[in-house]
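When reading the values below, keep in mind they use all heavy atoms of this one structure, side chains included, and skip hydrogens, waters and symmetry mates. Because the structure is a prediction, the values reported are computed rather than measured. Counting convention: from 1, in listed order, for ligands and their atoms alike.
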Amino acid sequence: AEPRLVSVRATRITPRLSLLVLRDITEHERVEQMRRDFVANTSHELKTPVGAVSLLAEAIESAADDPDQVRIFTARLSAEAARLGLLSSRIMDLSRLQSADQLISQRTVAVDEVVVSALEAHAIQADAAGVDVVRGGQRGLHVQGDPQVLSEAVGNLVANAIVYSPKGASVGVGVKEVEGAVEIAVTDRGIGIPEADQERVFERFYRTDQARSRRTGGTGLGLSIVKHAVQRHGGDVRVWSQPGQGSTFTIRLPISGPPEELTPGGRKER
Ligand code: ADP
């Protein structure tokens, strides 16, 4: 697409300057294209549950004389409505994280608190799935950023680890300091991810065939949210996985010192 854009640039500028203009236009085009893609595949993903809701409403109307049928359709209608709710809140989270002008807060955040709140948010889910979530590793580490965004990111990894694990399995959440970074690793012994899918699982709405067939009710947006959340904090997220053996997702974030209040009178605490 780049050569097409050459015609857009002003003619009376030096070759160096015209190159700058060209690059700027290309970046603008790229962002616009991303926005168009996002809207297109979001609308596509919304079509299925919206269609289901209207079909179920019709079904309820025509089954009005049969209370048992009405009850079944109503339950399915609530499930579809809940799914739409989840989908729309995730779409909003993702679009907020993707837009550069939406600032996220920058304060000193205790990694322990991020992990604890992520685990608390998924305690009921873990219980219901019969999965034991075990927390380990180093304590007392800090990063800079937005605690809510970070705990949602870790929470999404924990939620996936639970969903894709068999009943009775355990999931580990570990924290350690590595090369000036804090690493948060979420490990499961679940279904794993085929190698060909490992890069793609971070794309929005991407789900492996296996995940689709398991009817886990996912949105395909969780990992995309994790990726954008972590990137906005100057970090990255990676996956290691063996199909049938399990997966480890690691988030790395630049490490920060403890908050000021913890060092009264300028005394350095180590
Ligand atoms: P979903 O809502 O479908 O879980 P995600 O974006 O969170 O969406 O994940 C994308 C896909 O990556 C999932 O559909 C699944 O195929 C795969 N995946 C993510 N986490 C795991 C995991 N811990 N084990 C196996 N597969 C996973």
Do [Y] and [X] meet the salt-bridge criterion of a basic N to acidic O distance under 4.0 Å?
| X | Y | answer |
| --- | --- | --- |
| Glu203 | Lys227 | no |
| Arg35 | Asp37 | no |
| Asp93 | Arg96 | yes |

Under a 4.0 angstrom heavy-atom cut-off, which atoms of ligand 1 come close to [X]?
| X | value |
| --- | --- |
| Leu223 | 5 (P), 6 (O), 7 (O), 9 (O), 10 (C), 12 (O), 19 (C) |
| Leu221 | 6 (O), 8 (O) |
| Tyr206 | 10 (C), 11 (C) |
| Gly220 | 1 (P), 2 (O), 3 (O), 6 (O), 8 (O) |
| Ser247 | 24 (N) |
| Gly222 | 5 (P), 6 (O), 7 (O) |

I need the Ser43 OG to Glu45 CD distance, nearest 0.5 Å.
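Spacing of OG (Ser43) from CD (Glu45) equals 10.0 Å.
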OG on Ser256 to CD on Gln144, rounded to 0.5 Å:
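With rounding to 0.5 Å, CD (Gln144) is 4.0 Å from OG (Ser256).
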Would Gln231 and His228 count as a side chain to side chain donor-acceptor pair (under 3.5 Å) here? Give the steps.
CA-CA 5 Å; Gln231 284 178 350; His228 284 93; 4.8 Å; no
Quick check against the 3.5 Å criterion: does Glu177 have a side-chain atom that pairs as donor or acceptor with the backbone of Glu183?
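Absent.
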Answer side chain, backbone, both or neither: which part of Ile193 comes under 4.0 Å from ligand 1, heavy atoms only.
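The answer is the side chain.
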If you measure every N or O of Arg207 against every N or O of ligand 1, does any of those distances drop under 3.5 Å?
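Yes; the residue has a nitrogen or oxygen that sits under 3.5 Å from a nitrogen or oxygen of the ligand.
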N/O to N/O below 3.5 Å, does that happen between Asn160 and ligand 1?
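Yes: some nitrogen or oxygen of Asn160 is under 3.5 Å from one in ligand 1.
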Out of Phe205, Phe202, Tyr164, whose heavy atom sits nearest atom 22 (C) of ligand 1?
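When every heavy atom of Phe205, Phe202, Tyr164 is considered, Tyr164 comes closest to atom 22 (C) of ligand 1.
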Decide yes or no on salt bridge (Lys or Arg N to Asp or Glu O under 4.0 Å) for Arg135 and Asp112, but give the supporting numbers first.
CA-CA 10 Å; Arg135 179 181 167 216; Asp112 296 334; 3.5 Å; yes
Compute the minimum heavy-atom distance from Phe249 to ligand 1 and say whether it is under 4.0 Å.
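It does, in that a heavy atom of Phe249 comes within the 4.0 Å cut-off of ligand 1.
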